[in-house]
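Naming: A, B, ... by sequence-line order, numbering from 1 per chain. Bear in mind that the values here come from a model prediction, so they are computed numbers and not experimental data.
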2 protein chains.
Amino acid sequence: MASTIRDVARSAGVSIATVSRAMREPSIVSVETLRRVRAAADELDYTPSQLGRQLAERRHGANGIVFPDLSGPYYGEVVVGYEDVASELGRAVLILATHGRPAAREMITRLAGRCDGLVVLGHTVSDEALLELAERGVPLVTVARPPVAGVDSVAAENHRTAFALATHLADSGARSVVFLGNPDRSPDVTERRAGLFAGAREVGLEVSELRVETMDEQGGAVAAEHLCQQPALPDAIACANDELALGLMTALRERGVVVPRDVLVTGWDDVMAARYAELTTVRQPLRDLGATAARFLDDLIAGRRAEPRIEVLPTELIVRSSSSPRER
Amino acid sequence: MASTIRDVARSAGVSIATVSRAMREPSIVSVETLRRVRAAADELDYTPSQLGRQLAERRHGANGIVFPDLSGPYYGEVVVGYEDVASELGRAVLILATHGRPAAREMITRLAGRCDGLVVLGHTVSDEALLELAERGVPLVTVARPPVAGVDSVAAENHRTAFALATHLADSGARSVVFLGNPDRSPDVTERRAGLFAGAREVGLEVSELRVETMDEQGGAVAAEHLCQQPALPDAIACANDELALGLMTALRERGVVVPRDVLVTGWDDVMAARYAELTTVRQPLRDLGATAARFLDDLIAGRRAEPRIEVLPTELIVRSSSSPRER
DNA sequence: CGGCACGGTGTAACCGGTTTCAGTAACCGG
DNA sequence: CCGGTTACTGAAACCGGTTACACCGTGCCG
């Protein structure tokens, strides 16, 4: 059994208050007392119990972060950016992956009981659940989901870059484009879709939509099959994320469709595989998203902020050969 | 301010002991009392403080996991496999990324004070530090690092599959192979190297080694430059991980070297990009590593195990065109 | 020389739960 | 009608820290 503050106090011949003071603010005890307490603490190799401390201070010294998954390359980067800043600020980081489970709400509530505040990423839990937490006074920051009233939010730019993407496709010779994705799966997707549609309309690009069940490589393959059964392919396919685009391109190739000759393809996220597949895509400042969220949360916890903040970080169109200009 | 057990007790006209019992074991209080306590708890919307509970029960109900980073595709998967099982078991998960920081040791010690046990991945902290924790009675499981005396360990098979990889390369017509990696960076790499060397010797493959500073795409590019300056390329290059191999292949291509015609290349990990680059590699059961570690740790914490266990999960050679047989 | 400020310390009341132990009332069999 | 279970409940001790407050001695000032 580890030794407690009372053991140290007894052994040093002082009161527990003095031990506590010696541990947390050495300058306010006399040098002689400090020496004795230090010696006793070393002797018993005493480490203050985090639990005792947390209870007395009424704070956990920990932040939570909630995300749907960690499989893709996406959330891992955000989490690492977050962890980096949080641990810099001396706080522990609790994680929770919801995996689209319906029990997510209770899991998050439980998590909230273990930390001083939390960051919620993407498609994990309802706005309603977040509002309830906010109402209970839990400091909250959302990342990559549309702002919830009164809650701090950090996101990557979607609309404008999707708009630019439409322009780029038109410049590359496309006359028609299909947006591939599932807007129900994530609010980001909804924004990308809206941006693309707006841009397409602006430059006179014919635009339509194809919904997929899953936003992974499998979904891309299914879409490829569907598109190949149509009388004609569109000029371009703008996918809601890279995994879709990669699965789509692989399946198209197997059917003899050559990208970009027969159809232009774009993704979103700039995952590592996109470089190797020469996929045009959009890069997001993933670590920055996490880091910014961590700083926002810290401000909230410390009570340094009243007005809710909304931050949108810029994204960047990365043009590769999957969308290079078509010959007429 | 949230309400406490005493508020509920007062409002329900019972003692705090009864409230506690009603919350955790409803069957042992009378139906009438239960009803009153429930009503009061609802009314005040009372949630038992995790901190109070933890202090009284002398357990955190949380596990820690320590890893070097989360950037690559590697650790993210392990962490997610771990989180999945741990949260299934009703425990919270604390993460800590060391990023090769020298302060890692203190960070881990602090982390250990906030949880009931921890899992340590790969190249994060010295064996000595782990032994000290183990001695202090912290339940410990290591993943992907060589077993430390008395500590549970889970790892993926390296030696045998690396041996098989050497055989495969010889079968594909290679007469010489270079192992590319940095054995100091990770114990896994050391084992892969040893397995490859053993296999190469067995099948009469000439084998040598090229060390790189960093085990990422950049490192692969540097290696490509170095190799191209030699009088002749080896027949095959076995890289310690996929990122190295991918960087290497890209840089080789830029120099007009064609894979697999001019040289065979293999990686290790089977990251997503490896599929798109048609890279021969070795797949590891990443989620299983995490999940197994979580179960081991749970057994340790529950005191169900005395003898330290060492588990080695099988890996699988994935042959793609980057190592397909050369024509003579 | 009296009073005051101040550095240093101890006592005890918290923080919010769990759990032991003892006590009471209802119920049972003899 | 009595002794012994049985079912429930409450008082109080505990988990391991922090901190408000009181206290004491010393040095300084008027």
Peer 1: Can you tell me which residue among Leu94(A), Ile95(A), Val80(A) is in a side-chain contact (heavy atoms from CB on, under 4.5 Å) with Ile95(B)?
Peer 2: Ile95(A)
Peer 1: Grab the stems for DNA chain C, please: at least three consecutive Watson-Crick or wobble pairs, both distances below 3.5 Å, written as range with range.
Peer 2: C:1-30 with D:1-30
Peer 1: Any salt bridge between Arg101(A) and Asp84(B), counting N to O under 4.0 Å?
Peer 2: yes
Peer 1: Using atom CZ of Arg10(A) as one end and atom P of dG16(D) as the other, report the distance to the nearest whole Å.
Peer 2: 12 Å
Peer 1: Hey, which of these two, Arg53(B) or Gly52(A), hits DNA chain C nearer its 5' end, going by closest nucleotide?
Peer 2: Gly52(A)
Peer 1: Rounding to a whole Å, what distance do you find between Gln54(B):CD and dT18(C):C1'?
Peer 2: 13 Å
Peer 1: Rounded to whole Å, please give me the gap between CZ in Arg6(B) and C1' in dA13(D).
Peer 2: 12 Å
Peer 1: Rounded to the nearest angstrom, tell me the gap between atom CD1 in Ile5(A) and atom P in dG10(C).
Peer 2: 12 Å
Peer 1: Give a yes or no on whether a salt bridge exists between Arg136(A) and Asp45(B), defined as a side-chain N under 4.0 angstrom from a carboxylate O.
Peer 2: no
Peer 1: Give the rounded distance in Å between these two atoms: CG of Leu55(A) and C1' of dT19(D).
Peer 2: 14 Å
Peer 1: What integer distance in Å separates Arg114(A):CZ from dG16(C):P?
Peer 2: 17 Å
Peer 1: Which residue in the set Thr292(A), Val119(A), Asp152(A) passes side-chain contact (heavy atoms from CB on, under 4.5 Å) when paired with Val143(A)?
Peer 2: Val119(A)
Peer 1: Answer whether the closest heavy-atom distance between the side chains of Ser49(A) and Thr4(A) falls below 4.5 Å.
Peer 2: no
Peer 1: Quickly work out the Gln50(A) CD to dG16(C) C1' distance and round it to whole Å.
Peer 2: 18 Å
Peer 1: Flag this pair as yes if the NZ/CZ of Arg309(A) is under 6.0 angstrom from the six-membered ring centre of Phe296(A) and inside a 45 degree cone about the axis; otherwise no.
Peer 2: yes
Peer 1: With a 4.5 Å heavy-atom cut-off, do Leu133(A) and Arg105(A) have their side chains touching?
Peer 2: no
Peer 1: Not counting sequence neighbours, list each pair that qualifies as a side chain to side chain donor-acceptor pair (under 3.5 Å) and has a residue in residues 26-43 of chain B.
Peer 2: Ser30(B)-Thr33(B), Glu32(B)-Arg35(B)
Peer 1: At under 4.0 Å between heavy atoms, what does Leu51(A) touch on the DNA or RNA strands: base, sugar-phosphate, or nothing?
Peer 2: nothing
Peer 1: Heavy atoms only: give me the nearest Leu313(A)-Pro285(A) pair and the separation to one decimal.
Peer 2: CB-CG, 3.7 Å
Peer 1: With a 4.0 Å heavy-atom cut-off, tell me which residues in residues 14-40 of chain A come close to DNA chain D, sorted by residue number.
Peer 2: Ile16(A), Ala17(A), Ser20(A), Arg21(A), Arg24(A)
Peer 1: Please give, in whole Å, the distance from dA13(D) C1' to Arg58(B) CZ?
Peer 2: 12 Å
